[in-house]
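Nothing here was measured: the structure is a model prediction, and the numbers come from that model. Hydrogens, waters and symmetry mates are skipped; everything else that's a heavy atom, side chains included, is used. One-based numbering, in listed order, for ligands and for the atoms of each.
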Amino acid sequence: MPEIAARLAEIRRRMDAACRRASRSVEEVTLLAVSKTFPAAVVAEASEAGQRHFGESRQQEGCAKVEELPASLNWHFIGRLQRNKVRKVLPAFPVLHSIDSLRLAAHVDRIAGELGLKPSVYLEVDLAGEDSKGGFSEAELEAAIHEVGCLSNLSIVGLMAIPPAVDDPEDSRPWFARARELRDALLPDGGLSMGMSGDFEVAIEEGSTIVRVGSSIFGRREAAQ
Ligand SMILES: *Cc1c(COP(=O)(O)O)cnc(C)c1O
């Protein structure tokens, strides 16, 4: 089996095991393959192995890959979204994981309206109050869900969380559990975008509905992203 296909199979096996431990159905959890920094040929290889959802975090690089690859793939924008990139990102990426302010949401809504698009969006929650990360604080979240919910061109499909980096994935568990509590309380029909290469199993055990896995599928990235 080619290397990417073997790695995808291994991630799927670990996802299945995590679902079993949590008495969840595997259909509840989507694998988003984060292909940032890797060339389109590698995405094509993953796609041949059956992978359908891909995540990118930079406009220029991501849009180039979307253009190069078959239209049957599902593209998610997962990086911090600058307002001046929205007009280019929206036509290529129907799902945005990182709506981190009302100002950005309003801007995306306006441009989506101009382009006749209806993107699905996750609202990013900054659970630990980290200065380096965007996102709504817990205190802001309820009002944010209400305000973004009133924007006619956006559909809120869930919450997204990136807990503080840790060595032991168990240390992420309380953050994932907190994200789930907030989702249950404020957005009961929504999904949860949480879990990366280092901690996706714990995230699934705590209720993640879409895990964003990059390096465990594609290998180590050259530069920090
Ligand atoms: C790069 C990235 C990932 C994937 O990280 P890995 O540790 O390589 O799995 C997930 N989410 C976001 C927002 C990212 O930028």
Side-chain angles (χ1 to χ4, degrees), residues 3-4 6-15 18 29-40 42-43 45-46 49 51-63 65-66 74-82 85 89 92-101 104 108 119-128 130-136 157-173 175-176 179 191-225:
E3 192 179 11
I4 300 271
R7 289 205 188 132
L8 280 166
E10 172 64 8
I11 300 291
R12 293 246 170 238
R13 189 192 61 71
R14 290 169 58 188
M15 289 174 66
V29 189
T30 299
L31 173 58
L32 177 61
V34 176
S35 46
K36 66 188 182 197
T37 77
F38 292 95
V42 174
V43 177
E45 192 180 335
Q51 179 60 30
R52 282 292 162 268
H53 293 269
F54 293 92
E56 289 284 333
S57 62
R58 293 184 173 214
Q59 178 267 316
Q60 223 176 350
E61 179 197 347
C63 287
K65 275 180 236 180
V66 173
N74 301 297
W75 291 98
H76 301 236
F77 195 85
I78 62 169
R80 183 170 268 194
L81 181 53
Q82 291 167 276
K85 303 284 171 72
V89 162
F93 293 87
V95 189
L96 310 176
H97 286 241
S98 43
I99 295 295
D100 59 6
S101 71
L104 176 64
V108 171
S120 296
V121 302
Y122 290 83
L123 301 190
E124 185 171 349
V125 196
D126 178 16
L127 295 166
E130 293 174 282
D131 288 342
S132 59
K133 280 184 193 149
F136 299 97
V157 294
L159 302 180
M160 184 270 219
I162 309 175
V166 289
D167 290 327
D168 180 355
E170 280 301 322
D171 294 341
S172 300
R173 190 180 294 278
W175 300 115
F176 292 141
L192 283 171
S193 168
M194 58 189 199
M196 315 189 354
S197 288
D199 56 14
F200 68 90
E201 289 148 304
V202 174
I204 289 171
E205 288 167 15
E206 295 302 327
S208 173
T209 60
I210 180 163
V211 290
R212 309 177 309 267
V213 179
S215 46
S216 290
I217 299 171
F218 296 112
R220 219 164 57 87
R221 287 180 295 275
E222 296 283 310
Q225 290 281 317

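A salt bridge between Glu130 and Lys133 is present, with a side-chain N of the basic residue lying under 4.0 Å from a carboxylate O of the acidic one. In this structure, Glu170 pairs ionically with Arg173, as a charged nitrogen and a carboxylate oxygen lie closer than 4.0 Å.
Contact annotation for His97 and ligand 1: no heavy atom of the residue comes within less than 4.0 Å of the ligand.
The side-chain hydrogen bond (donor to acceptor under 3.5 Å, both in side chains) search around Glu56 returns Ser35, Lys65, not counting sequence neighbours.
Considering both main-chain and side-chain atoms, Lys36 comes within under 3.5 Å of ligand 1 through a nitrogen or oxygen pair. Considering backbone and side-chain N/O atoms, Ser216 never comes within less than 3.5 Å of an N/O atom of ligand 1. Between Gly214 and ligand 1, at least one pair of N/O atoms sits closer than 3.5 Å.
Near Arg212, the atoms of ligand 1 lying under 4.0 angstrom from a non-hydrogen atom of the residue are 4 (C), 9 (O), 10 (C), 11 (N), 12 (C), 13 (C). The Ser197 neighbourhood of ligand 1 comprises atoms 6 (P), 7 (O), 8 (O), 9 (O), with distances under 4.0 Å to a heavy atom of that residue. Heavy-atom proximity to Val213, at under 4.0 Å, picks out these atoms of ligand 1: 9 (O).
Of all heavy-atom pairs spanning Ser98 and Leu104, the tightest one is O-CD2, 3.8 Å.
For the residue pair Thr30/His53, the side-chain donor-acceptor check at 3.5 Å is not satisfied.
The local environment of CG in Asp167 is sparse, with at most 12 non-hydrogen atoms from other residues, nucleotides or ligands closer than 6.0 Å.
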